[in-house]
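A quick write-up on the structure given underneath.
Only this structure's heavy atoms are used, side chains among them; waters, hydrogens and symmetry mates stay out.
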Amino acid sequence: MRALPLAAATLLAGILMVTLLASPSAADMHEEMMPPIIPIDVNADPAFLDINETTDEASFVVHLYRWNAEYIGPYSMTFEVKGEEIAVVNDVWQANTRHVNVSTVDDADRGSGVWTPSFGLHWLNVTTEADGKDWTLPVRFSLGPDLTPTQLDTHPSEPIEGDPVTFEATIENDGTWATPENEPIPVTLLHNDEPLGEATITHVSSGEKVQITFEDAWIAIPGDHEFTLQIDPDAIDEITTSNNAATFTTHVEPAGLLIEHLHATPNPAPPTDEVTVTATITNHGTNEKPPATVHLATNDALTHETTTPTLAPQETTNITWTIQPPTGLHELQAALHPHDEDDPRAPSGPTTQLLVGPNLAIEGLTVTPNEPIDDEPFTVTATITNHGTTTDEAIPIVLHAQQDDGTGQNLDGTEIPGLTADERTQVPFNATLPPGTYTMTVEIDPLQRIQDATREMNTAHTDILVRVDGPDPILDGFHLSPQQPSTGTPLQIETQIVNQGAQPATGYNVHLINDTKTLKEEALPALDPGASTTITTTWVPTQGTHNLTLHIGTDTQLDKNAPHHAFTQEIHAQGEGPSLELSDLRTIPPNPTLGESAQALVNITNTGDQATGAFNVTFATNEDQETIPVENLEPGETTTIETAWTPTDAAWVLEATATPSTDNPRPISSTQATIKGSTEGTVPIPLPGITLLLITLTTTAAVLHRRT
């Protein structure tokens with residue numbers, strides 16, 4: 001539903017309008033009228049949006065411009081809210097001053113000093129005075145809750161005549177404060193000025209949305225309708241109550257012909273039999289309906305077209321078709337066509353599925369015993385059901401085993417007699433396998449000899465573990481922390497060991513070997529079948545490549561005849577890595593002249609123990625920057641990077657930063673170099689009809705607030 005246009009409250013708008021002429025004579029005239037320092041904008045901390053009834057203290061930050069380059073002297077600022085003076089700041093403008101932090105205690109005479117936040121619209125006026133002239137910057141902001149209806153949804157979303165309609169309303173607090181606790185706020189839903197329902201909301205936070213449901217509040221009537229959500233304007237104090245009501249529209253179509261049911265008989269159907277499809281059509285309207293065309297589509301293709309008889313109000317008729325589709329699963333849909341002008345929902349009709357032929361499915365797969373032992377027989381049993389029509393052909397079924405490495409083998413195969421509709425049977429397979437983990441697969445009719453309606457459930461899988469007839473401790477690889485080892489940094493090596501054998505594992509040792517040197521030897525605790533343990537060791541690697549090996553044996557040497565497993569992983573221990581140090585950032589000449597070419601230079605040293613690889617050096621000044629690529633810097637090597645630069649601002653900040661290039665993923669630690677300076681002369685600031693020097697002053701005045 002769409003909201004009709006409503007007036008909205010203007011919140012937190014800062015307004016500064018400067019209109020000056022560009023001619024020298026006009027500039028001279030305004031120079032006589034304006035102080036040499038003027039405010040440009042105002043911010044608050046906490047922000048204006050966050051000031052609320054619990055705020056104890058806030059600071060207003062004012063950005064100032066000095067447009068008269070010759071002025072160096074005292075100035076003052078006065079802060080007023082609704083005409084009440086809340087702070088006075090006195091300060092002196094010094095040459096090249098950029099920032100001045102003014103605290104309440106040291107620099108601000110707070111005068112009356114206390115401002116109590118209250119509901120409503122506020123004007124904050126900041127006035128600067130210097131050289132006997134003053135300039136005022138006004139900022140408007142609002143405090144308090146502000147409730148607005150923003151959305152009204154109907155269920156169903158497109159009601160037709162006679163539908164019971166449920167409404168879901170969304171109310172949002174667009175204000176800066178929460179609504180008071182324990183104060184219910186009534187919300188009314190109206191239609192043609194008649195109330196359909198009423199609910200209440202309580203304690204809505206700033207920016208929060210709440211939803212209200214009016215269950216079965218209205219019976220749909222054909223036509224266009226307007227519904228109004230009204231929030232009680234007298235329930236609480238708000239910034240404004242002009243947006244407490246919103247009107248939404250919805251359209252209701254009259255009822256007409258609808259296809260209510262579609263079914264096929266028989267279903268499932270034998271491949272050679274005819275199938276009767278029946279559509280039930282009812283006139284839900286209040287007027288007689290002339291004949292209409294009904295389409296039947298099979299698998300999205302039009303197959304039949306029939307005309308309905310004339311139907312009186314609330315009269316029902318059945319349309320039937322005879323079809324003979326091939327074996328398979330078919331989607332049937334009936335629809336009224338062409339479009340019934342009295343019923344826009346008519347073209348969409350019901351669907352049903354028709355199954356033709358047998359439909360075999362594996363619905364269960366079990367292994368007995370569930371954890372077989374090496375070379376001992378086990379049984380895999382498949383439960384098979386025919387959800388379709390009878391199949392008289394014998395049904396081939398095979399059992400396949402696949403190991404983790406992808407190798408596989410067919411273990412068994414058989415045939416069972418045909419199954420009647422809904423008949424279920426169990427098919428057992430006997431197999432033996434060596435130790436390991438396997439995926440067991442049973443498949444019906446792998447050569448697709450039978451015309452099955454669908455083959456989605458002709459295959460089933462289950463995973464099994466074949467245990468050794470004895471102990472069998474298995475290593476589960478390494479877990480390194482940190483994952484990228486570094487020279488001189490302790491490396492924690494952790495591995496899990498699981499006894500996959502059928503007997504307890506006792507008397508085993510775990511060996512951690514670096515190349516050919518044993519780093520650690522540890523006796524394994526006794527492990528029952530299926531039990532596990534975690535072995536953790538710490539090693540400080542030297543720089544370079546290492547082959548770490550874990551193996552399990554029955555003595556300190558690798559016993560080829562004892563049951564054991566080994567795992568080897570190659571690791572590379574890096575040094576501390578490259579580290580860039582930026583120093584001696586400078587300009588040539590040291591005091592560049594505005595508008596004339598100069599150079600920016602910086603020294604870069606790799607203080608790390610590895611080469612850097614490709615990296616970039618970026619020079620930035622004010623809003624301009626230039627990036628220079630560097631191919632490599634060896635450990636201990638120093639280079640000087642330079643670039644041409646023409647200062648365009650009287651006051652400038654020059655920065656140099658080093659970062660890895662996009663094709664060098666190696667991390668590089670670096671520092672940033674910064675210098676500040678100025679040129680002789682002034683630079684124009686593009687403000688209409690007035691020349692300002694680009695020197696920004698930030699003044700902060702702290703203002704205490706008393707809780708209400």
Between Ile212 and Ala199 the two heavy atoms that sit nearest each other are CG2-CB, 3.2 Å
To the nearest 0.5 Å, tell me how far Ile474 CD1 sits from Gln496 CD.
-> 12.0 Å
With distance as the sole criterion, is a donor-acceptor pair present between the side chains of Thr640 and Asn603 under 3.5 Å?
-> yes
If you round to the nearest 0.5 Å, how far is CD of Glu183 from OG1 of Thr200?
-> 12.5 Å
Yes or no on side-chain contact (heavy atoms from CB on, under 4.5 Å) for Glu522 and Ile535, after CA distance, side-chain angles and deciding distance?
-> CA-CA 8 Å; Glu522 181 175 336; Ile535 300 296; 3.5 Å; yes
Give the C-alpha distance, both sets of side-chain angles, the deciding distance and a yes or no for salt bridge (Lys or Arg N to Asp or Glu O under 4.0 Å) between Arg455 and Glu443.
-> CA-CA 10 Å; Arg455 296 188 176 273; Glu443 185 176 2; over 6 Å; no
Decide side-chain hydrogen bond (donor to acceptor under 3.5 Å, both in side chains) for Thr618 and Thr627; before the verdict, give the C-alpha distance in whole Å, the side-chain angles of both, and the deciding distance to 0.1 Å.
-> CA-CA 4 Å; Thr618 300; Thr627 298; 3.1 Å; yes
Find out whether Thr202 and Asn182 are in side-chain contact, i.e. whether some heavy atom of one side chain is under 4.5 Å from a heavy atom of the other.
-> no
For side-chain contact (heavy atoms from CB on, under 4.5 Å), just list the numbers for Leu580 and Thr605, CA-CA rounded to whole Å, side-chain angles, deciding distance to a tenth of an Å, and then say yes or no.
-> CA-CA 6 Å; Leu580 293 177; Thr605 304; over 6 Å; no
Tightest non-hydrogen contact, residues Pro434 and Asp374, listed as CA-OD1, 3.7 Å
May I ask you to check whether Gln151 and Asp153 show a side-chain donor-acceptor distance below 3.5 Å?
-> yes
With side chains defined as the heavy atoms from C-beta onward, is the minimum distance between Ile362 and Asn458 less than 4.5 Å?
-> no
Have Ser206 and Asn173 got a donor and an acceptor in their side chains that come within less than 3.5 Å?
-> no
Taking C-beta and beyond as the side chain, do Ile171 and Ile201 meet within less than 4.5 Å on heavy atoms?
-> yes
Between Asn616 and Ser661: side-chain donor-acceptor atoms closer than 3.5 Å = no
Do Ile450 and Gln448 come close enough that some side-chain heavy atom pair is under 4.5 Å?
-> no
Which pair of non-hydrogen atoms, one from Asn509 and one from Ala523, has the smallest distance, and what is that distance?
-> OD1-CA, 3.5 Å
Looking only at non-hydrogen atoms, find the nearest pair between Leu411 and Ala401 and report the distance.
-> CD1-CB, 3.6 Å
Donor-acceptor pair between Thr385 and Glu363 side chains, under 3.5 angstrom | yes
Tell me, please, which residues at least two apart from Glu371 pass side-chain hydrogen bond (donor to acceptor under 3.5 Å, both in side chains).
-> Arg467
Heavy-atom side-chain contact between Pro325 and Leu354 under 4.5 Å = yes
Side chain to side chain donor-acceptor pair (under 3.5 Å) partner of Thr441, chosen from Gln402, His400, His461 = His461
Scan side-chain atoms only and decide if Thr612 and Asn606 contain a donor-acceptor pair under the 3.5 Å cut-off.
-> no
Residue pair Asn430 / Phe378, side-chain heavy-atom distance below 4.5 Å = no
Taking the side chain as C-beta and beyond, is there a heavy-atom pair between Tyr438 and Leu433 under 4.5 Å?
-> yes
Side chains of Asp463 and Thr439: do they bring a donor and an acceptor to under 3.5 Å?
-> yes
Thr534 and Glu494, any side-chain heavy atoms less than 4.5 Å apart = yes
Hey, mind stepping through Tyr508 and Leu527 against side-chain contact (heavy atoms from CB on, under 4.5 Å) and telling me if it holds?
-> CA-CA 10 Å; Tyr508 285 88; Leu527 295 175; over 6 Å; no
Ile641 vs Leu601, side-chain contact (heavy atoms from CB on, under 4.5 Å): CA-CA, chis, key distance, verdict = CA-CA 6 Å; Ile641 307 299; Leu601 304 91; over 6 Å; no
Looking at Leu465 and Thr437, what are the two nearest heavy atoms and their distance?
-> CD1-CG2, 3.7 Å
In Å and rounded to the nearest 0.5 Å, what is the CG to CD1 distance from Leu633 to Ile604?
-> 7.5 Å
